[in-house]
2 protein chains.
Amino acid sequence: MIRQTKPREIIIKTIERAEGPVAVEEIHARAAGELPGLGIATVYRTLKLLLAQERIAVVEFPGEPPHYEPAGRGHHHHFRCLSCNRWMEMGERGCIVPWLDGSILPGGYLVEGHRISLYGRCPNCADEVAPPG
Amino acid sequence: MIRQTKPREIIIKTIERAEGPVAVEEIHARAAGELPGLGIATVYRTLKLLLAQERIAVVEFPGEPPHYEPAGRGHHHHFRCLSCNRWMEMGERGCIVPWLDGSILPGGYLVEGHRISLYGRCPNCADEVAPPG
DNA sequence: CTGATAATGATACTACGTTATCTGTTGGCG
DNA sequence: CGCCAACAGATAACGTAGTATCATTATCAG
């Protein structure tokens, strides 16, 4: 029987509230802010449980440890702010190339899926450099 | 003084001949085909050297170990064949979104760079399923 | 050809992300 | 409430990619 506990509650809330996919260490740090003493093993155990329940999904980025985001958010891409170093989710509307999957590229490459990662400045950090107006 | 040796010669040729970025184990396996007994440490050492000389570049893919490709090939993207499981280079002409960098996305995200990975069937493997004609 | 030494292969070691183990705690049914 | 399996935190152990070490081999200037 699976119990509802405070650590679990806080860990899943942390992932749901996040601006995008978060790594284990980040989840631990943020959740520990609400529950001091939270152990890293509990974070790993809870992630495993939530994955098995398909409440969260893994997202891998080049050269980085696995990140986690809530499951069921449909097709979307990610944006990494080079100032605050956070991954953010770009909504389904944000897909740059909705026509891509299913097309055949010059040379005969049949595209069945794609992953796009954008790098730049998020609205917050861009404002700091060049304020609007 | 840096010497020219058979292992080094074979390792760099392996990378240059490859159809796309290759991982350490793959480099080792292919090079050992030409030079039996080649040690994995030599592959790591040589990669380090070639990187320092900027003759090769690292390419990271989500959830995979680092891959290596010859340096100086300009802006391009990669295609992973889901049949033969190889990463292939899509030439500069193959960039799906040449206008992307520098643009500002809805919401105020300033794009400074992008990484696109395509997944599907390469011409060879697609032919096996659905021959032309 | 020869010697100095860079490079090699084998392998022990390190670093680090993740998992298993242990002991004390706690949620929730009876 | 009281029990007890599920769960928690602490930490040792693990797997693996990459590095350091070392005795041996090979390159190449003289």
Side-chain angles (χ1 to χ4, degrees), chain A residues 1-15 18 20-69 80 85-87, chain B residues 1-16 18 21-69 71 80 85 87:
Chain A
M1 202 206 93
I2 291 170
R3 293 179 182 168
Q4 182 170 339
T5 65
K6 187 138 271 170
R8 287 185 179 165
E9 181 192 332
I10 287 172
I11 288 168
I12 189 162
K13 267 189 193 163
T14 299
I15 297 171
V22 274
V24 174
E25 285 302 334
E26 185 68 24
I27 294 169
H28 184 220
R30 293 186 192 188
E34 286 185 62
L35 188 71
L38 175 69
I40 188 70
T42 299
V43 176
Y44 279 109
R45 276 190 292 240
T46 304
L47 289 175
K48 208 172 183 179
L49 177 69
L50 294 174
L51 279 172
Q53 295 178 335
E54 295 185 315
R55 299 177 66 186
I56 63 172
V58 191
V59 192
E60 301 268 9
F61 295 108
E64 301 183 36
H67 288 56
Y68 299 86
E69 66 181 14
R80 183 176 183 73
N85 279 323
R86 290 185 201 150
W87 282 104
Chain B
M1 202 207 92
I2 290 170
R3 293 178 183 168
Q4 181 171 339
T5 67
K6 189 137 272 169
R8 287 184 179 166
E9 183 192 332
I10 288 173
I11 288 168
I12 188 159
K13 267 190 194 162
T14 299
I15 297 170
E16 279 169 352
V22 273
V24 174
E25 287 301 335
E26 185 68 23
I27 295 170
H28 183 221
R30 294 187 190 186
E34 286 185 63
L35 189 70
L38 174 69
I40 188 70
T42 300
V43 177
Y44 279 110
R45 276 189 293 242
T46 303
L47 289 174
K48 209 172 181 179
L49 177 70
L50 294 174
L51 279 171
Q53 295 177 335
E54 295 184 314
R55 299 176 65 186
I56 62 172
V58 191
V59 192
E60 301 267 10
F61 295 108
E64 301 183 35
H67 288 56
Y68 299 85
E69 67 180 14
R80 184 177 183 71
N85 279 322
W87 280 104

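So you know, we letter chains A, B, ... as the sequences are listed, proteins then strands, and number each from 1.
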Grab the [atom1]-[atom2] distance between [X] and [N] for me, whole Å please.
{"X": "B/Leu49", "N": "C/dA6", "atom1": "CG", "atom2": "P", "value": "14 Å"}
{"X": "B/Ile10", "N": "C/dG9", "atom1": "CD1", "atom2": "C1'", "value": "15 Å"}
{"X": "B/Leu47", "N": "C/dA7", "atom1": "CG", "atom2": "C1'", "value": "15 Å"}
{"X": "B/Lys6", "N": "C/dG9", "atom1": "NZ", "atom2": "P", "value": "13 Å"}
{"X": "A/Glu25", "N": "C/dG17", "atom1": "CD", "atom2": "P", "value": "7 Å"}
{"X": "B/Glu60", "N": "D/dA17", "atom1": "CD", "atom2": "C1'", "value": "12 Å"}
{"X": "B/Met1", "N": "D/dA26", "atom1": "CE", "atom2": "P", "value": "16 Å"}
{"X": "B/His28", "N": "C/dT8", "atom1": "NE2", "atom2": "P", "value": "12 Å"}

Can a side chain N or O of [X] be found less than 4.0 Å away from OP1 or OP2 on [N]?
{"X": "A/Thr5", "N": "D/dA6", "value": "no"}
{"X": "B/Thr42", "N": "C/dA7", "value": "no"}
{"X": "B/Tyr44", "N": "D/dT19", "value": "no"}

Considering all heavy atoms, the nearest A/Tyr68-A/Ile15 contact: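 In this case the closest contact between A/Tyr68 and A/Ile15 is O-CG2, 4.1 Å.
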Nucleotide nearest [X] when distance is taken to its side chain, options [options]:
{"X": "A/Ala41", "options": "D/dC28, C/dT11, D/dT11", "value": "D/dT11"}
{"X": "A/Leu38", "options": "C/dT19, D/dG9, C/dT8", "value": "D/dG9"}
{"X": "B/Arg3", "options": "C/dA7, C/dA10, D/dA5", "value": "C/dA7"}

Is it true that a side-chain atom of A/His28 and a backbone atom of A/Leu38 form a donor plus acceptor pair closer than 3.5 Å?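 Yes; at least one donor-acceptor contact below 3.5 Å.
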Keeping the roles fixed (side chain from A/Arg86, backbone from A/Ala18), state whether a donor-acceptor pair exists under 3.5 Å.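 Not a single qualifying donor-acceptor pair exists.
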So do the side chains of B/Ile11 and B/Leu35 get within less than 4.5 Å of each other, counting heavy atoms only?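 No, too far: nothing below the 4.5 Å cut-off.
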Regarding [X], tell me which of base, sugar-phosphate or nothing describes its non-hydrogen contacts under 4.0 Å with the strands shown.
{"X": "A/Arg8", "value": "sugar-phosphate"}
{"X": "B/Pro66", "value": "sugar-phosphate"}
{"X": "A/Pro7", "value": "sugar-phosphate"}

For the residue pair B/Trp87 and B/Glu69, confirm or rule out a side-chain donor-acceptor distance under 3.5 Å.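 No.
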Pick the closest DNA chain D nucleotide for A/Ile2 and for B/Ile40 by heavy atoms, then say which residue is nearer the 5' end.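 Comparing both residues, the 5'-ward one is A/Ile2.
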Between B/Arg45 and B/Pro65, just flag the one whose closest nucleotide in DNA chain D comes earlier from the 5' side.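 The residue closer to the strand's 5' end, by nearest nucleotide, is B/Pro65.
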